[in-house]
Structure formats: structure tokens, C-alpha cells
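As C-alpha cells, the structure follows; a few thoughts come after it.
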Amino acid sequence: MCNSSAPPVLLWFKRDLRVADHPALAAAGPYVLPVYIIEPEYWALPDTSARQWMFTAEALQSLRSELARLGQPLIIRKGEAVHELSRLCMTNGITRMISHEETGNAWTFARDKRVASWAAANGVSWEELPQCGVVRRLPTRDAWQRLRNSFMRQPLQDSPAALAPLTQEISTLERLPDARALSMASDLCAHRQDGSHRAAALALETFLSSRGARYRVAMSSPVSAERACSRLSPYLALGVLSVRQVEQARRAARLHHHGDAGWHAALNSFAKRLAWRDHFIQKLEDEPSLEYRCLHPAHEKLRPRESDAARLRAWELGETGIPFVDACMRYLQATGWLNFRMRAMLMSFASYHLWLDWRSTGPILARMFTDYEPGIHWSQVQMQSGTTGINTIRIYNPVKQGHDQDSTGTFIRRWVPELNTVPIAHLHTPWTWNDGAARLQARYPAPIVDLAQASAYARETLWSLRKQAGFQTVARAVAHKHASRAHTSDRSSAQATRAARRKRTDPDQLAFDL
DNA sequence: AGTGCAGTTGACTTT
DNA sequence: TAAAGTCAACTGCAC
């Protein structure tokens with residue numbers, strides 16, 4: 001198996017830190033040099049954070065031991081990608097590199113272009129294979145769903161039985177740097193998820209066997225979502241699990257729970273979310289400027305580009321004076337995760353009530369998410385800010401959301417302990433608590449905006465922008481390029497009526513337009 | 001028993 | 001998986 005005359009294939013691990021269902025590893029063959037590069041410049045970006053790095057480091061430790069078990073440990077380097085790759089290729093006579101297509105932020109996109117041009121100029125071939133439903137150079141959105149589904153149905157890639165140990169000695173970082181060594185701001189995140197493969201497998205197993213039973217009804221409230229949601233997002237973001245592994249495990253679970261209506265609803269709902277995941281990442285793949293420009297350009301000057309520093313800070317710290325908003329923000333800060341609906345509410349509150357530009361709030365949320373996935377993140381940030389031009393304006397009322405999702409107030413009391421003396425009748429709106437509001441204000445701020453006034457201003461401004469000449473023409477072009485085709489295909493009127501009725505009653509159908 | 005009425009519910013529209 | 005408003009149908013109750 002060991003062939004010392006031919007050079008190995010360099011397998012560049014990026015956001016695919018696993019050995020199972022790993023198309024690039026399978027394609028590389030047994031004589032492989034597995035490499036991960038810690039890029040300090042990436043970890044200095046405004047949308048990356050120490051919690052993401054610590055999670056990544058745990059995933060890397062797992063990957064390193066799995067590869068070692070297969071016979072060839074992971075080589076870990078720290079530095080600039082072109083520099084490290086060219087050194088590894090030059091000193092080992094490597095002419096073939098392989099990795100997965102990555103739909104990342106603007107920085108990783110630019111880095112990949114540098115790597116590609118270096119490779120082309122130096123006689124190194126670099127293959128990039130898909131590892132999820134995202135299609136590179138997709139000509140039109142029309143056939144996407146079919147392509148994605150057929151990818152998910154393909155059998156999982158076998159992980160190799162063994163790798164051929166390299167004959168040459170190649171230096172590797174033994175100890176992974178901590179966040180401080182990467183010059184990252186300290187980031188406690190006391191309840192962060194664990195990045196190891198063992199933790200990922202456990203989350204998948206417990207979700208599909210028990211935790212997910214009430215997924216469909218429990219996902220909306222931050223109280224129940226913590227347990228009932230899959231919690232697979234950070235593992236999918238880093239590729240500790242492949243989305244195909246998860247999708248196929250879901251299918252198997254559907255058979256296992258056959259006949260159970262709750263499980264049936266849960267697993268169907270989960271399948272939709274896995275598909276939406278690829279759908280949004282596809283958008284960033286097709287339109288990288290999604291990260292820094294409004295999808296509909298008429299919104300560019302809607303909000304001041306320089307954000308109000310006091311408002312931004314109050315929002316980031318969970319000190320806005322709106323209990324449910326602050327509880328959600330502090331929970332996110334402490335756990336690195338928040339359920340979808342509450343993420344939408346936080347973003348909506350920042351963009352509409354606080355009138356902050358998404359380019360100042362987006363990176364703050366990105367850093368707090370252990371599961372930061374650029375394609376999902378920037379699509380959602382723009383949707384919840386109303387800047388896509390093609391989605392209906394959804395301005396969440398954080399008091400109503402609080403009543404709906406935390407009616408007993410346990411979530412608020414846990415995460416905003418300053419409020420623990422406030423009776424439940426006033427917990428969601430402590431400014432209405434006549435007896436104690438004055439005393440309370442020494443510990444907890446009055447609302448930094450008038451909710452009704454702020455949302456009315458946002459609503460009127462956004463809707464009047466939409467009525468301006470030319471707005472809808474541009475909006476249609478955006479929809480043609482990006483919108484899901486799920487509800488727009490030609491249908492008989494009976495089917496259309498059925499679909500409309502379903503739309504009203506099934507939250508999945510309305511969950512994430514665009 | 002039937003009527004009037006306030007209040008609720010649900011479908012639908014507007015912003 | 002928005003919220004607020006409109007409208008019509010319905011409900012429960014007093015008389």
C-alpha cells in the first residue's frame with residue numbers, strides 16, 4: 001500500500017472535519033497527506049470568535065485521533081493558506097490537492113481564489129468536491145431542488161479502512177493554540193456545545209430517538225427548544241457531521257417511529273429545515289455580495305450606515321429594557337445557540353425598533369453563534385431586516401413574543417435575574433409595574449425605545465419605500481434569481497387552493513420564504 | 001321562545 | 001412560523 005516513489009495527495013480539510021461520508025477523503029485514496037491550516041487572519045475577522053475557534057479545536061482533536069486510528073494523523077499548520085500549502089507541496093513533491101467546495105464568507109472566498117491561482121501557476125491540480133446540496137455554478141434555480149434531493153439519496157461515502165502512513169516526516173502543531181494565542185477577544189460562553197465527534201454523534205442519536213419527539217411544537221419557545229431542537233447546527237457548520245448523514249439518519253428514524261403522528265410531523269419538519277439550510281447556503285454561493293450589500297439596492301440608504309453606538313451596545317449586552325429581548329440575547333451570549341424564531345426576533349428588533357443597519361448588527365450575532373454558517377446567517381439577517389425586497393415585512397412584537405413563548409416567565413427570570421422581584425403580571429412589561437418600577441430602574445433600564453412608536457415608524461418607512469416607482473421591477477428580478485421555487489410552479493387551481501390552505505395552517509410552509 | 005347585544009373566533013386584508 | 005385591523009359568523013347571556 002505504501003508507495004514511497006509517488007507523492008501523496010494533499011487533502012485540505014476545511015469545514016468538513018470528519019472521516020465518514022467524506023467525498024474528498026474517499027476520492028483521495030489511501031496515500032494521503034491530511035492537512036488543516038489554522039489561519040490567524042480568518043480568526044481576526046469581525047464575524048469569527050473564540051467560541052467558534054474553541055469548538056473547532058475540539059473538532060480538530062477528534063479528527064486527529066480518528067485519522068491517526070486510520071494510520072495517518074492530521075498535519076496541522078498555522079499560517080496563511082497559500083504559504084502553508086505551497087511549502088507542503090514543494091517539500092513533498094505534491095502535485096494534487098483535493099478538498100470540498102466551501103461556501104463561506106467573502107474572506108474564505110478570496111482566499112480560495114488565491115489558492116486556485118497559486119495552484120494553477122505552480123502545476124498543482126486542485127479538485128473541489130461537493131459535500132452538500134449546494135451546486136456550484138448553478139445556471140438557474142429551477143432544477144435545484146431535484147439536484148439537491150438526488151445528492152441526499154446517494155449512498156454515504158465509505159470511510160477508508162486504513163490510510164498508508166507517510167514515509168517522510170512532516171512537522172505538525174502538537175498543541176492547538178488557544179484563543180489568546182490567536183489574539184482573539186476572550187469569550188466565556190459557559191454553556192457552549194462540545195465540538196467533538198462523540199458529542200455530535202450523541203446529539204444526532206438522542207434527537208432522533210427521543211429529544212425530537214415534540215420538535216414540531218416545541219421549537220418555537222426558547223424554553224422547550226433547547227432540548228427539542230436537534231442541536232446539530234454547529235456540527236453541520238463545521239462538517240463534523242455531513243448533512244447527508246443527518247438526512248439519511250432522519251429517514252431511518254422515520255421508519256423506526258412509523259405510525260407515530262408526533263414523530264411523523266417532527267421528522268418531516270426537520271427534513272424541510274435541512275433542505276432550507278442548503279437553500280440558503282446556495283444563495284450565498286450564487287450571490288456572495290449578500291454578505292455586505294442589500295439584496296434590493298433601494299435599501300442601501302434606509303438606515304444610517306454608522307450605527308447609534310449606545311443602542312448597538314445595549315442590544316449586544318442584553319440591556320435594552322425589553323425583558324424578553326434581553327433574556328434571549330443573554331442566553332445566546334452564554335450558550336452560543338438560540339432557536340430560530342428568537343434569532344429572528346433579535347434581528348428584527350435591532351433592524352426595526354432600533355433602526356440599526358444589519359452590517360453593524362450582523363457580525364455581532366455571527367460571533368455569538370457557535371454554529372455561524374455564512375449562507376444562512378446573511379440571508380436571514382437581510383430577511384429579518386427587510387432589505388431583500390421580496391419578503392413580507394415581519395416586525396416582531398417582543399412583548400407579544402414573550403407572552404406567547406415564555407408565558408410563565410421562567411426564561412426571563414433565569415436570564416434577567418434583576419427582574420426576579422417583578423410579579424408575572426408585569427414581568428414582560430416592567431415599565432407598567434407602578435409599585436416597583438421606580439425602584440427597579442436602579443437595576444434594570446427603562447426601554448431604550450418606545451415599542452409602538454418605533455415599530456410604526458419602521459413599518460411606514462419600509463412600506464412607503466416599497467411603493468416607490470421601480471421598486472417592484474427590481475424585486476421581481478431578485479425573486480427570479482433567488483427565491484425558492486417551492487410555491488411558484490404551475491399548478492391546477494385545485495392544487496393551488498390546497499397549497500394556500502396548507503399555507504395558513506402549517507407553520508413550515510411560511511417559515512422562511514425568500 | 002325569541003331578540004338584542006357584547007364579546008369571541010376565525011378568515012382575510014393591509015401595512 | 002408578523003401584527004394589527006376589518007368583517008362576518010358565532011356564542012352566551014339577560015330579559
Side-chain angles (χ1 to χ4, degrees), chain A residues 212 214-226 228-230 233 262 265-277 279-280 296 298-299 302 322 324-325 328 338-355 358 376 379-407 411 428-429 449-468 471-472 475 483-484 486-487 496-514:
Chain A
R214 295 183 36 79
Y215 176 71
R216 177 64 185 288
V217 286
M219 70 169 81
S220 291
S221 163
V223 182
S224 46
E226 178 172 312
C229 284
S230 78
S233 54
L267 294 172
N268 280 346
S269 192
F270 184 55
K272 289 197 182 94
R273 270 144 244 274
L274 289 176
W276 280 111
R277 189 176 183 283
H279 167 87
F280 284 118
H296 191 309
H299 300 85
L302 188 62
I322 316 295
F324 196 53
V325 168
C328 287
L338 185 65
N339 63 325
F340 174 82
R341 191 188 183 89
M342 268 55 261
R343 292 184 192 208
M345 183 189 75
L346 286 182
M347 195 63 217
S348 158
F349 184 76
S351 294
Y352 297 118
H353 295 90
L354 301 182
W355 208 240
W358 58 271
I376 302 175
S379 299
Q380 285 298 327
V381 159
Q382 289 219 41
M383 283 172 64
Q384 305 303 345
S385 305
T387 56
T388 66
I390 62 174
N391 306 112
T392 195
I393 313 286
R394 295 187 206 284
I395 303 175
Y396 288 77
N397 177 337
V399 173
K400 179 185 179 293
Q401 289 298 319
H403 284 300
D404 290 352
Q405 310 303 337
D406 183 29
S407 57
F411 187 76
H428 294 278
T429 52
V449 283
D450 180 297
L451 290 176
Q453 217 178 309
S455 68
Y457 174 79
R459 190 165 46 246
E460 284 154 25
T461 310
L462 265 296
W463 283 106
S464 71
L465 181 69
R466 291 193 162 203
K467 283 177 187 152
Q468 280 177 13
F471 185 99
Q472 293 304 332
S484 155
H487 308 302
T497 309
R498 259 200 308 282
R501 186 167 303 125
R502 194 168 57 238
K503 223 177 163 173
R504 285 195 298 275
T505 54
D506 180 354
D508 286 340
Q509 297 298 320
L510 279 174
F512 333 80
D513 342 74
L514 195 68

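As a basis for the values below, the full set of heavy atoms in this structure was taken, side chains included, without hydrogen atoms, waters or symmetry mates.
A:Arg343 pairs by the salt bridge (charged side-chain N to carboxylate O under 4.0 Å, His left out) definition with A:Asp371, not counting sequence neighbours.
Between the P atom of B:dT15 and the CG atom of A:Asn391 lies a distance of 19 Å, rounded to the nearest Å. Separating the CG atom of A:Leu451 from the C1' atom of C:dA4 is a distance of 15 Å, rounded to the nearest angstrom. Counting to the nearest Å, the P atom of C:dA3 and the CE atom of A:Met345 are 10 Å from each other. Spacing between atom NE2 of A:His403 and atom P of C:dA3 amounts to 12 Å, rounded to whole angstrom units. One atom, CD of A:Glu460, and another, P of C:dA2, lie 21 Å apart when rounded to the nearest Å. A straight line from CD1 of A:Ile395 to P of B:dT15 spans 14 Å, rounded to a whole angstrom. At whole-Å resolution of the value, CZ in A:Phe340 and P in C:dT1 are 6 Å apart. Atom pair A:Leu462:CG and C:dA4:C1' shows a separation of 16 Å (rounding to whole Å applied).
Picking from C:dA3, B:dT15, C:dT1 the nucleotide with the shortest atom distance to the side chain of A:Asn397 gives C:dA3.
Here the side chain of A:Ser348 pairs a donor or acceptor atom with the backbone of A:Tyr396 at under 3.5 angstrom.
Contact check, A:Gln401 against C:dA3: a side-chain N or O comes under 4.0 Å of OP1 or OP2. In this structure, A:Arg459 does not reach the C:dA3 phosphate: none of its side-chain N or O atoms is under 4.0 Å from OP1 or OP2.
We find the CG-CZ distance between A:Leu346 and A:Phe324 to be 9.0 Å, quoted to the nearest 0.5 Å.
In this pair, A:Phe471 and A:His296 present their aromatic rings parallel. The plane angle is below 30°, not in the 30 to 60° band.
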